[in-house]
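In what follows, chains are A, B, ... by sequence order, proteins preceding strands, each numbered from 1.
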Number of protein chains: 2
Amino acid sequence: MPHCHTFIAALRQHGYRITPQREMVIEVIAHSRQHMTAEEVYAEVQKRTHAVNIATVYRTLDLLVEEGLASRADLGGGQVVYATAAHGPHIHLVCRQCGLVVDADVVPFEPLFRQIEAAHGFVCSPQHFAIYGQCAACRAAADAVPERG
Amino acid sequence: MPHCHTFIAALRQHGYRITPQREMVIEVIAHSRQHMTAEEVYAEVQKRTHAVNIATVYRTLDLLVEEGLASRADLGGGQVVYATAAHGPHIHLVCRQCGLVVDADVVPFEPLFRQIEAAHGFVCSPQHFAIYGQCAACRAAADAVPERG
DNA sequence: TTCGTTGTTGCAACTGTTTGCAATAAGAGA
DNA sequence: TCTCTTATTGCAAACAGTTGCAACAACGAA
Ligand SMILES: [Mn+2]
Ligand SMILES: [Mn+2]
Ligand SMILES: [Zn+2]
Ligand SMILES: [Zn+2]
C-alpha cells in the first residue's frame with residue numbers, strides 16, 4: 001500500500017508543487033480504505049484545517065486520477081467516488097434502492113471485453129464500472145412484503 | 001414502435017393529466033430514433049413553442065421513466081440520456097476521448113449477471129449500462145501518432 | 001537567504017439539475 | 001356548459017460541480 005510520501009514524491013517527480021492543501025487531500029485519501037466522494041474528502045480535510053477550498057479538493061483529486069495515483073468511479077446518479085490506486089480494478093454493484101456498493105471481480109468479464117473489441121473495435125478500459133440492481137438485503141425485504149401484503 | 005398517442009393513452013390510464021407540455025416532450029422523444037439528453041429534448045421543444053419550462057422537461061422525462069415508457073441511461077461524466085422503451089435493453093460503449101456512444105448486445109453478459117447473483121445475492125438489472133474505453137477511430141488516431149512523433 | 005518565475009489557490013460567477021411553493025388549468029361531475 | 005378539486009406548471013432559490021482570473025506562494029536559481 002503506497003503511503004502519503006509515495007504520492008507526494010510521485011507528484012514532485014512530475015514537476016508538480018507540493019502545497020499544504022495537496023498534502024491534506026493525499027493524507028485523507030491515502031489513509032482511507034474505502035472509496036470516498038469529493039465531499040467526503042472535503043469534510044475529512046475540514047476536520048483538520050479550514051484552509052482548503054472545495055475547488056482545490058476537486059482539482060487535487062482530478063490531478064491524482066490523471067497521474068494514475070487514484071481512480072475515479074462513476075456510480076451513476078451523480079455519485080462519483082475516488083480511491084487510491086491500491087484499491088485495484090473491480091466492478092461496482094450498486095443497489096438502486098439503498099445505495100449499497102459491493103465490489104465484485106472484473107476478471108470473468110474480460111473475455112467479453114475482448115469479444116466487444118473484436119466486434120466493434122472498441123477497447124474497453126473498465127477498471128471501475130458500475131452495474132445497477134438490487135442488493136440481497138433489499139431483495140429479501142421486497143420478498144417479505146409481496147405485491148398484496 | 002409505440003407512437004405519441006400510445007404514451008398519452010398510457011399516462012391517462014394511470015390517472016395522469018395530459019398537458020400541452022407533456023404532449024410536446026412525448027412528441028419529441030417518440031419521434032427520435034436515438035438517445036437524447038434532457039437539454040436536447042428541451043432545445044427541440046423550444047423550436048416549436050417557448051411555452052415549456054426546462055423543469056417541466058425534466059419532470060416529464062422522469063415520469064416517463066417511472067412509468068416504464070422510457071429508459072434513462074447514465075453514461076457517466078454527468079451525461080444522462082433518455083430514449084423510448086422502443087430503444088430496447090443494450091450496453092453503451094462510451095469513448096472517453098471523443099464521447100461517441102456505441103450500442104452493443106447485452107445478451108452475452110447475462111450468464112455473468114447470473115454468476116454475480118449466485119455469488120453476491122445481487123440481482124443485476126442492467127437494461128442500460130455503460131462501459132468506458134476508446135472507440136475504433138480514436139484508437140486508430142492514437143496509433144498513427146505514437147509516443148514520439 | 002532572497003528573488004523571481006510561474007504553478008496553484010481562493011473566490012465568485014457560472015453550469016446543469018432539483019425542489020418548494022403559489023398560480024394555473026385538466027378533467028370529472030353536476 | 002360550468003364548477004370544483006387537485007395535479008401540474010413556472011418561477012426562483014438551492015444544489016453540486018466547474019472555471020476564469022487575480023492574488024499568492026513553492027521552489028529553483030542567484
Ligand atoms: Mn471499489
Ligand atoms: Mn442505447
Ligand atoms: Zn439495497
Ligand atoms: Zn472516440
How many angstroms lie between NE2 in B:H120 and CG in A:D103, if you round to the nearest 0.5 Å? 9.0 Å
Should the ring pair A:H87 and A:H35 be called parallel, tilted or perpendicular, given that the plane angle runs from 0 to 90° and is split at 30 and 60? perpendicular
For B:V80, which contact category applies under a 4.0 Å heavy-atom criterion: base, sugar-phosphate, or nothing? nothing
With a 4.0 angstrom cut-off to heavy atoms of chain B, pull out the first and last contacting nucleotide of DNA chain D, in 5'-to-3' order. D:dT5 to D:dC11
By a strict heavy-atom criterion of less than 4.0 Å, which residues belonging to residues 53-71 of chain A are in contact with DNA chain C? A:N53, A:T56, A:R59
Which residues share a salt bridge (Lys or Arg N to Asp or Glu O under 4.0 Å) with B:E23, sequence neighbours left out: none
Could you tell me whether a side-chain N or O of B:Y132 sits under 3.5 Å from a main-chain N or O of B:L75, the two making a donor and an acceptor? yes
In terms of hydrophobic clusters joined by side-chain contacts under 4.5 Å, are B:I116 and A:V94 together? no
Among the clusters formed by ILVMFWY side chains lying less than 4.5 Å apart, do A:L63 and A:V57 turn up in the same one? yes
Suppose we screen for ring-ring contact (aromatic ring centres under 6.0 Å, His included). Which residues come up paired with A:F129, at least two apart in sequence or across chains? A:F109, A:F113, B:F129
Looking at A:T6 and A:H3, would you say the former's side chain and the latter's main chain have a donor-acceptor pair under 3.5 Å? yes
Assign a letter to each nucleotide of nucleotides 22-30 of chain C from its 5' end: B, base within under 4.0 Å of a protein heavy atom; S, sugar-phosphate only; -, no contact. ---BBS---
Could you list the residues that satisfy side chain to side chain contact (heavy atoms under 4.5 Å, CB included) with A:Y58, not counting sequence neighbours? A:A38, A:E39, A:I54
Backbone N or O of A:D62 within a donor-acceptor pair of the A:R72 side chain at under 3.5 Å? no
Could you state the CZ-C1' distance from A:R22 to C:dT8, rounded to the nearest angstrom? 6 Å
